[in-house]
Number of protein chains: 2
Amino acid sequence: MNQDYIKPDNWSVIEEGFDVTRIKSSESLFSIGNGAMGQRANFEENYTGETFQGSYIAGIYYPDKTKVGWWKNGYPEYFAKVLNAPNWIGIDIEINGENLDLNTCVEVKNFRRELNMKEGWYNRSFNAILKNGTEIAVNVRRFVSLKLDEIGIINYEITPLNKNAKIIYKPYVDAGITNEDANWEEKFWEPLEVSKANNKAFVTAQTFKTHFKVTTFMQNSIWSNGQKTAISPSDVETKSDKIQFNYDVIVAQGEKSSIQKIGGYTVSLNHKNTLIAAEKAIEEAVSKGYELLLEDQINAWSEIWEMSDITIEGDVKAQQGIRFNIFQLNQTYLGKDSRLNIGPKGFTGEKYGGSTYWDTEAYCIPFYMATKDQEVTRNLLTYRYNQLDKAIENASKLGFVNGAALYPMVTMNGEECHNEWEITFEEIHRNGAIAFAIYNFHRYTGDYSYIPEKGLEVLIGIARFWHQRVNYSSNQKKYVILGVTGPNEYENNVNNNFYTNYIAKWCLEYTYEQVQKVSLEYPLDHKRITEKVKITNSELQSWKNVSDNMYFPFSEEHNLYLQQDGFLDKDLVRVADLHKDQRPINQKWSWDRILRSPYIKQADVLQCFYFFEDHFTREELKNNFDFYESFTVHESSLSPCVHSIQAALLDKMDMAYSFYLRTSRLDLDDYNHEVEEGCHITSMAGTWMSIVEGFGGLRVRDNTLHFSPKIPKQWQSYSFKINFRNQILTVVVSQNETHFYVNGDTKLALVVNDQKVFASKSPQN
Amino acid sequence: MNQDYIKPDNWSVIEEGFDVTRIKSSESLFSIGNGAMGQRANFEENYTGETFQGSYIAGIYYPDKTKVGWWKNGYPEYFAKVLNAPNWIGIDIEINGENLDLNTCVEVKNFRRELNMKEGWYNRSFNAILKNGTEIAVNVRRFVSLKLDEIGIINYEITPLNKNAKIIYKPYVDAGITNEDANWEEKFWEPLEVSKANNKAFVTAQTFKTHFKVTTFMQNSIWSNGQKTAISPSDVETKSDKIQFNYDVIVAQGEKSSIQKIGGYTVSLNHKNTLIAAEKAIEEAVSKGYELLLEDQINAWSEIWEMSDITIEGDVKAQQGIRFNIFQLNQTYLGKDSRLNIGPKGFTGEKYGGSTYWDTEAYCIPFYMATKDQEVTRNLLTYRYNQLDKAIENASKLGFVNGAALYPMVTMNGEECHNEWEITFEEIHRNGAIAFAIYNFHRYTGDYSYIPEKGLEVLIGIARFWHQRVNYSSNQKKYVILGVTGPNEYENNVNNNFYTNYIAKWCLEYTYEQVQKVSLEYPLDHKRITEKVKITNSELQSWKNVSDNMYFPFSEEHNLYLQQDGFLDKDLVRVADLHKDQRPINQKWSWDRILRSPYIKQADVLQCFYFFEDHFTREELKNNFDFYESFTVHESSLSPCVHSIQAALLDKMDMAYSFYLRTSRLDLDDYNHEVEEGCHITSMAGTWMSIVEGFGGLRVRDNTLHFSPKIPKQWQSYSFKINFRNQILTVVVSQNETHFYVNGDTKLALVVNDQKVFASKSPQN
């Protein structure tokens with residue numbers, strides 16, 4: 001835990017003091033991104049202490065060779081690696097002949113970082129005393145532009161405090177970088193070309209194998225006391241994969257000198273000629289200049305916050321937490337490009353590789369539906385539609401036929417890129433979440449058009465998978481699903497995981513219904529699709545037969561759905577009775593011990609109750625919640641949010657609040673001792689759900705928003721906005737009352753605590 | 001399948017014809033070994049075609065770094081690799097200025113290999129026409145000496161057929177070799193020193209990390225028409241890891257020239273100074289000379305065959321098969337050294353790494369007990385006793401306490417060296433076989449002394465493991481064992497594997513009884529041991545409680561023990577109804593499909609019936625055999641032998657015979673398309689059991705040998721010998737009668753088909 005390290009603040013993440021042991025975790029927390037590129041909070045100047053260098057470009061990956069114990073048929077040949085991209089931020093600094101390196105300075109004082117989430121920039125300032133006795137004050141601000149998303153900018157300002165200084169600024173671009181995570185310690189980038197002109201430089205490199213071509217560029221200007229100077233490089237160092245410019249300046253004691261570096265990437269995903277594109281990108285940025293770019297940035301973030309902000313009065317840590325989550329989600333994915341998705345670490349680290357997990361459909365889509373234009377979620381759905389052929393190919397590698405589709409557990413481009421049999425082959429519930437997201441999109445937006453256009457084909461592929469994946473048990477006289485891993489990954493290769501069986505049944509039923517509906521309401525689409533996928537009535541009836549006769553493990557004695565067959569044979573010691581020194585169990589216990597224990601990484605029976613809340617009674621929810629919560633260790637970042645929502649529903653508000661804090665400050669407080677590897681981006685959407693669906697009680701039923709607002713006793717009030725079918729609803733919940741406002745003059749009918757009410761324009765507007 | 005490729009012969013394995021696609025499989029089949037070292041049938045001269053080079057030294061291994069998908073707590077950091085050792089066999093040949101290379105010759109004629117199992121040598125002969133037009137006849141014989149087990153010898157004979165030839169013999173020793181199987185493509189050997197004197201050369205190298213030091217040596221002599229010449233090397237090429245001598249000779253057309261190369265290894269496991277030891281080894285071998293060494297070899301093998309041969313009249317393929325199995329077992333392990341064990345590939349390949357699996361205890365020990373001095377098996381038991389501390393350490397890494405021992409799945413020196421969680425952590429039944437072997441040794445030999453001396457401590461460590469590994473299920477009101485992989489590795493992480501539960505119960509019970517027995521009969525040992533391991537009466541009672549209340553999955557409806565919980569929920573399509581093109585399923589199916597299918601790699605319920613035959617009725621055996629055999633695909637080499645034995649017991653002799661053929665000719669006929677990786681050494685002991693226990697019906701009950709002889713209709717007769725408590729019993733079974741003879745004048749009481757009889761001396765003797 002990092003608790004109390006990050007300074008509480010409503011709008012900023014703030015670190016004060018220089019602590020070499022926290023460099024890597026702060027590099028994660030102070031990351032910046034704009035949906036297209038991102039950057040860990042690495043120092044611009046050289047740092048010889050421990051650091052985890054990370055610059056990332058959306059959609060650029062590398063298929064690293066994998067090696068496992070014993071190879072299994074059907075394993076993909078590679079694991080997609082999130083790539084450390086060429087460095088555009090580097091500016092080495094020489095002061096009176098000595099390199100600035102915070103690891104070797106005599107003293108570093110007043111070290112402070114601020115990630116200003118309101119305005120979208122990152123600032124670092126400190127005083128340093130070098131070995132040569134020179135003391136300098138440094139202030140560095142940088143951001144990656146939301147408006148010009150190939151551009152980042154750095155303003156690096158130095159003031160010599162105790163003597164005049166000869167400063168050499170050495171900005172560079174460098175493709176000679178390595179990955180932290182590389183199975184074979186190989187290089188992933190092949191340099192192609194370096195070039196320069198005036199204060200600009202370009203390094204073009206491509207990834208091996210995938211051949212993504214990237215031009216990494218920079219343009220520099222030197223400023224003195226706020227005035228741009230005409231200084232040119234005194235020296236240029238060129239290597240095959242790097243260019244560095246040296247700018248020499250003499251700065252008098254107390255005077256302010258700075259370098260402004262514009263940098264970034266142009267990539268072959270978007271441009272035929274990345275070099276020309278880089279010239280243009282620089283030109284556009286330079287013509288604006290730093291101040292205007294910053295103004296654009298502030299405005300762009302202001303627009304985002306206008307729609308997605310959640311305010312919390314009376315609890316600054318909770319406020320900071322939720323804003324950090326919303327900020328990171330918006331840094332990671334803005335929905336502009338249906339080739340992209342939401343990586344579990346966003347632009348904050350490499351871990352997990354790949355960009356797309358079931359996290360997107362299960363956790364992220366509600367956030368994007370409610371806080372963005374509808375097109376954003378449509379792009380996320382289309383991403384899967386575009387990869388349907390590869391999902392069918394993936395299933396066929398595992399022996400499925402007739403267009404059955406199994407979406408990958410982890411992917412960049414639709415190909416599976418994870419290989420552990422218990423996950424790759426068995427964690428098949430992911431297919432269900434992809435179908436559920438299609439349903440959820442229609443439920444929320446009321447827009448059915450996606451289903452006849454694209455969604456139905458995806459649903460059919462998924463239904464066919466489930467239909468082939470079950471088998472009839474003559475013993476149970478039901479259909480069973482053997483050998484799966486549920487969302488609770490602390491069980492592997494179990495039979496009849498309740499969640500998986502339930503979502504499989506639901507997929508078959510829902511797809512069956514949509515085929516009927518499209519047949520009646522969109523006959524042309526129906527004809528096109530049925531001809532393409534060759535579906536017959538008897539196939540549909542066979543789906544129905546399976547969904548009507550699915551087996552669910554249930555204990556009459558405990559009146560409980562069982563997480564899987566045999567769950568009650570475990571040694572049922574509750575988490576409360578497990579000694580603290582045994583936790584987290586994934587760090588303390590061997591895998592077999594975790595598997596045979598009753599402990600749950602994230603409770604998948606409860607995840608099922610979350611998705612299909614209206615299928616169950618409150619009494620059932622309570623029984624199952626009380627039972628499974630008591631065995632849940634929440635060692636998945638995706639776990640606490642669902643528990644928070646359900647605890648709120650069950651009026652366990654203290655519990656709901658504590659889960660909320662855990663999910664919202666998971667990274668800021670480093671609950672799991674791993675934030676140095678990057679932030680948990682996808683679970684951040686769960687934090688948003690904890691407030692909106694948990695405390696606010698938002699549900700969509702029968703095309704109507706329902707609320708049952710509650711508020712933690714620690715808070716004075718909170719508010720959020722949602723975009724519902726082109727109306728913007730603001731919800732303000734205080735200890736005594738709730739207000740609902742809409743923008744515009746059209747009222748919006750709501751159901752609040754089972755009463756029909758109408759939200760209208762705020763009286764203040 | 002390779003069927004009909006190897007020529008049928010009673011005593012030899014014979015290949016005729018040169019087929020480049022079969023080089024690697026023949027390299028396996030024609031391997032030679034002497035328990036201390038071994039050698040695949042690689043050519044002496046350079047061969048540029050596909051080959052799998054393998055020279056092996058018993059007990060020498062390398063801890064290769066491993067990489068798995070996601071690391072699990074408790075995994076060992078390395079995987080022991082069977083090492084390709086430095087090359088002592090190499091002799092490059094130059095004929096009239098051209099290198100002899102069978103891959104590039106104009107023609108290779110009359111290519112023939114013979115592995116003479118009776119006499120223990122390997123011979124290769126061929127005629128080759130070189131590109132320069134020279135035709136030569138070559139005959140090469142080599143063997144590794146049983147008597148001088150650091151020595152191998154090669155007699156390489158060349159006759160120019162169509163012209164005179166200038167021949168340059170280039171014998172070498174070379175430590176610059178690589179492994180086929182290396183996770184990181186590293187070199188495993190570090191050269192230390194090369195030296196030479198006259199016709200002798202030495203390369204000393206050590207393994208990285210494990211620092212086994214090995215001197216690889218050679219001594220050469222050149223012969224002309226059977227007469228030794230005084231030729232010295234014309235040239236010596238020395239590198240840091242290799243020495244090569246060049247011997248130039250001019251040979252007239254039709255004349256016979258040859259080189260004799262003595263070579264081999266001296267290792268730091270056995271010698272302080274391996275170089276001095278090498279000098280001595282050479283001296284001893286040279287003083288004997290080739291002919292005497294060969295005579296020794298023939299005599300040594302004759303002694304082995306005298307005791308272990310099985311004859312089969314009327315079925316040459318069956319005869320060749322069983323002798324190949326017996327020959328390979330004796331090449332691999334001779335029981336001289338308790339630091340060694342029986343690797344699954346012996347000296348024929350690298351696959352699987354490690355030397356010791358549960359195969360030793362479950363399959364090999366019966367063979368060694370019956371065909372060798374009792375000391376051999378005692379050494380195999382002592383091997384595990386010596387590794388008890390490491391087994392306790394291994395269990396403690398997995399969270400077990402109080403001296404609980406988990407023997408490794410795969411090991412060289414007692415440390416686990418395999419990492420796949422479902423095997424390393426869960427295939428825990430291996431512990432049971434190690435206990436069973438102790439029981440089996442006492443049952444067979446009648447010698448109890450091993451138990452108070454050493455065995456009891458092993459049993460206690462194992463019992464403690466089981467006692468902690470069960471948990472009480474309040475649901476079943478019994479003790480259950482969750483999350484295991486049984487001997488049938490086509491199921492992973494199952495609950496209540498019948499075999500595992502049964503052997504766990506048996507271990508607890510048996511250990512409980514042995515503690516009582518030692519307490520009464522060996523009070524001093526009892527005191528020593530109980531003080532050491534601090535065992536209390538209440539602990540013993542607790543074991544008893546668990547063993548008395550173990551849960552076993554059972555179906556009343558089918559009157560069957562269930563392989564594991566939930567087995568009957570599978571889609572129970574029998575192997576007979578599975579299309580042939582789906583097999584072998586481990587090559588055709590993804591792992592999840594194998595796991596959820598009913599198909600069995602080796603039937604572990606039947607393995608339990610094999611170990612504990614007398615605990616079950618014949619009716620139970622029949623029911624369970626009929627059921628599980630119908631789902632067994634026998635894709636483990638260890639599978640068919642048990643089925644053969646039980647089929648024989650159930651009077652299904654056709655089935656028993658076909659299983660026998662499959663097990664005995666598994667490698668010769670290459671059933672599983674993988675013999676090029678090496679032979680299946682440990683399962684060869686199962687072949688021996690198929691005849692002795694299956695057809696012969698050997699059992700030991702109440703200190704008496706029982707037989708119920710049967711004979712396949714394809715055979716006229718068969719015979720085998722067993723060493724039973726210092727009497728040698730010969731059993732000869734023909735279609736009409738069975739004869740039992742003993743050596744010496746003391747009769748031996750037997751039970752044959754439930755009748756008591758006495759075996760006496762053969763009338764011929």
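Proteins get letters first, then strands, A, B, ... in listed order; numbering begins at 1 in each.
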In short, N492(A) meets N493(B) closest at the heavy-atom pair O-ND2, 2.6 Å

Closest non-hydrogen atoms of D569(B) and D565(A), given as atom of the first, atom of the second and distance, are OD2-OD2, 4.0 Å

Which portion of W421(B) sits near chain A, non-hydrogen atoms under 4.5 angstrom: side chain

Spacing of N471(A) atom CG and D571(B) atom CG [to the nearest 0.5 Å]: 5.0 Å

Chain A contact via E422(B) - side chain, backbone, both or neither, heavy atoms under 4.5 Å: side chain

Can you tell me how far apart CD1 (I594(A)) and CZ (F425(B)) are? Round to the nearest 0.5 Å. 9.5 Å

Determine which residues belonging to residues 478-487 of chain A lie within contact range of chain B, meaning some heavy atom pair is under 4.5 Å apart, and list them by number or answer 'none'. V480(A), L482(A)

Taking every non-hydrogen pair under 4.5 Å, which of Q587(A), E426(A), R469(A), K570(A) racks up the most with chain B? R469(A)

Top contributor to chain A interface from E557(B), Q476(B), R593(B) [non-hydrogen pairs under 4.5 Å]: Q476(B)

Just checking heavy atoms, which of residues 392-401 of chain A are less than 4.5 Å from chain B? L398(A), G399(A), F400(A)

